[in-house]
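Just the heavy atoms: all of them, side chains too, but no hydrogens, waters or symmetry mates, feed the values below.
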Amino acid sequence: MIISTDRQQRPDDFRRERVTTLGRDQCPFCPGREALTPPEILAYRPGGSGSNGPGWDLRVVPNRFPALRVEGTLERHGEGMFDRMSGIGAHEVIIETPEHDRTMAVMSEAEIERVLWACRERVLDLRRDGRLRHVLLFKNHGAAAGATLSHTHSQLIAMPMVPDFVREEIDGARRHFALKERCVFCDIVAQELADGRRVVQDNADMVAVAPFAPRFAFETWVLPKRHGARFEDVPRPEIESLARLLKSTLLRLDRALEVPPYNLIIHTAPFDEGLASLYHWHVEILPKITRVAGFEWGTGFHVNPTPPEDAAQVLRGVKL
Ligand SMILES: [Zn+2]
Ligand SMILES: [Zn+2]
Ligand SMILES: [Zn+2]
């Protein structure tokens with residue numbers, strides 16, 4: 001990780017691509033077009049309407065849209081993942097709202113909580129399949145972040161192996177634990193709260209921070225204050241706290257950076273491993289406001305133009 005202050009710019013200077021909403025006329029995620037998606041796996045239907053028709057608040061469907069198959073996040077993190085899955089696994093789309101133009105930043109806390117709850121329900125269900133080892137939960141917001149449909153949605157990929165980039169993070173946590181007999185993420189939470197310079201905001205259960213060594217400008221992590229290895233095991237009050245902090249963090253990013261494209265990833269421990277004490281689930285938000293240059297792709301070093309203390313200060317200063 002390299003922080004280059006030579007390339008430092010104010011937020012206004014960053015190249016950005018506004019999120020464009022397109023294809024409302026053909027959008028397969030809009031109510032009334034349920035026939036364009038595979039049959040739903042889960043839906044929240046407050047009025048008790050029948051499956052695969054309108055009347056839903058949220059739907060989860062299998063992903064059979066070729067354009068969505070390997071979006072940005074996965075391309076960046078691990079080519080060939082699907083080859084190695086040998087046909088076992090699941091790829092699902094969480095259609096977060098019936099409203100075509102709504103984004104997560106402007107959704108109500110209750111709506112965001114519903115999305116998180118649906119993710120939790122799906123992971124708990126997939127965890128029962130003994131062949132599966134890991135579930136990735138992520139959201140690509142904006143064409144520049146890899147989203148091919150503008151109607152807000154998240155994705156879930158369950159796989160029979162643990163991808164390398166998850167394994168690397170776990171190995172780092174394992175080394176820290178071996179040395180200090182403490183969870184590295186618990187140490188990060190305690191240090192960041194005590195220091196304060198990289199804290200964007202916190203509430204009773206969660207803290208949003210600009211990580212000490214960000215890979216991207218304005219990269220922001222949301223960590224639970226209470227230790228827990230798995231997102232899907234989190235109790236309802238913490239899901240509520242997460243929804244509140246996600247909303248305000250996304251609003252801060254929207255206002256500071258003029259609605260940037262972003263990837264949002266929930267990192268949770270793989271199934272069936274003795275990781276309960278050393279891994280700590282968290283959310284990583286990766287705004288796409290600077291182009292990753294050939295240097296960065298080629299070397300794996302990321303030239304981050306904004307020191308995390310500056311990014312946190314800008315985000316803290318946003319009026320909500
Ligand atoms: Zn739509
Ligand atoms: Zn921890
Ligand atoms: Zn992580």
Side-chain angles (χ1 to χ4, degrees), residues 1-18 72-73 76-77 105 138-139 141-142 144-145 165 168-169 172-173 175-176 183-203 206-225 245-267 280 282-320:
M1 226 291 303
I2 299 167
I3 291 179
S4 161
T5 44
D6 291 349
R7 283 175 47 181
Q8 191 171 349
Q9 304 158 80
R10 300 313 309 155
D12 293 345
D13 300 329
F14 287 111
R15 180 200 295 272
R16 60 187 152 255
E17 291 167 46
R18 279 184 167 275
T73 301
R76 206 177 58 241
H77 282 309
F138 62 99
K139 174 177 180 58
H141 176 75
F165 63 94
E168 280 165 28
E169 200 177 63
R175 282 194 296 274
H176 185 93
C183 162
V184 65
F185 297 96
C186 283
D187 279 4
I188 290 171
V189 168
Q191 282 161 20
E192 294 299 351
L193 284 170
D195 180 293
R197 284 176 300 161
R198 286 176 294 272
V199 173
V200 176
Q201 190 183 348
D202 73 322
N203 62 25
M206 302 283 152
V207 58
V209 299
F212 180 73
R215 292 154 293 176
F216 300 94
F218 289 88
E219 176 171 348
T220 306
W221 291 13
V222 179
L223 299 131
K225 292 180 178 176
L245 198 52
L246 273 184
K247 178 181 170 66
S248 57
T249 303
L250 292 173
L251 263 183
R252 286 173 196 279
L253 288 165
D254 268 9
R255 294 194 180 157
L257 306 170
E258 293 189 30
V259 197
Y262 64 83
N263 300 113
L264 184 155
I265 307 161
I266 297 179
H267 276 175
H280 188 124
H282 57 276
V283 181
E284 299 183 6
I285 304 167
L286 312 171
K288 290 296 185 62
I289 50 175
T290 45
R291 298 278 172 103
V292 176
F295 167 76
E296 291 159 292
W297 286 119
T299 60
F301 292 116
H302 290 279
V303 178
N304 186 318
T306 309
E309 295 76 14
D310 293 4
Q313 193 179 19
V314 168
L315 294 177
R316 268 200 309 273
V318 171
K319 292 213 169 43
L320 294 178

What is the minimum heavy-atom distance between [X] and [Y], and which atoms define it?
X: D187; Y: H176; answer: OD2-NE2, 2.8 Å
X: E284; Y: H282; answer: OE2-NE2, 3.0 Å
X: A210; Y: V200; answer: N-CG2, 4.2 Å
X: A105; Y: K247; answer: O-NZ, 3.0 Å
X: A311; Y: T306; answer: N-CG2, 3.8 Å
X: E169; Y: H267; answer: OE1-ND1, 3.1 Å

I would like to know whether I285 and L246 meet side-chain contact (heavy atoms from CB on, under 4.5 Å); could you show each step before the answer?
CA-CA 9 Å; I285 304 167; L246 273 184; 4.2 Å; yes

Going by the side-chain contact (heavy atoms from CB on, under 4.5 Å) test, name the single residue among V222, L286, V283 that passes it with L264.
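Going through the options one by one, the only one that passes is V283.
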
Quick check on side-chain contact (heavy atoms from CB on, under 4.5 Å): which of L253, L257, L250 does Y262 satisfy it with?
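Only one option passes, and that is L250.
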
Indicate yes or no: at least one non-hydrogen side-chain atom of L251 is less than 4.5 angstrom from one of V318.
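L251 vs V318: side chains apart.
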
Would you mind reporting whether R252 and F218 have side-chain heavy atoms less than 4.5 Å apart?
no

For the side chain of [X] and the backbone of [Y], is there at least one donor-acceptor N/O pair under 3.5 Å apart?
X: R198; Y: E192; result: no
X: K288; Y: H141; result: no
X: H280; Y: P224; result: yes

CG-CG distance between D310 and L315, expressed to the nearest 0.5 angstrom
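Here the interatomic distance stands at 11.0 Å.
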
To the nearest 0.5 Å, tell me how far L223 CG sits from C186 SG.
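So the CG of L223 and the SG of C186 are separated by 9.5 Å.
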
Applying side-chain contact (heavy atoms from CB on, under 4.5 Å) to A173 and not counting sequence neighbours gives V184, F185, L278

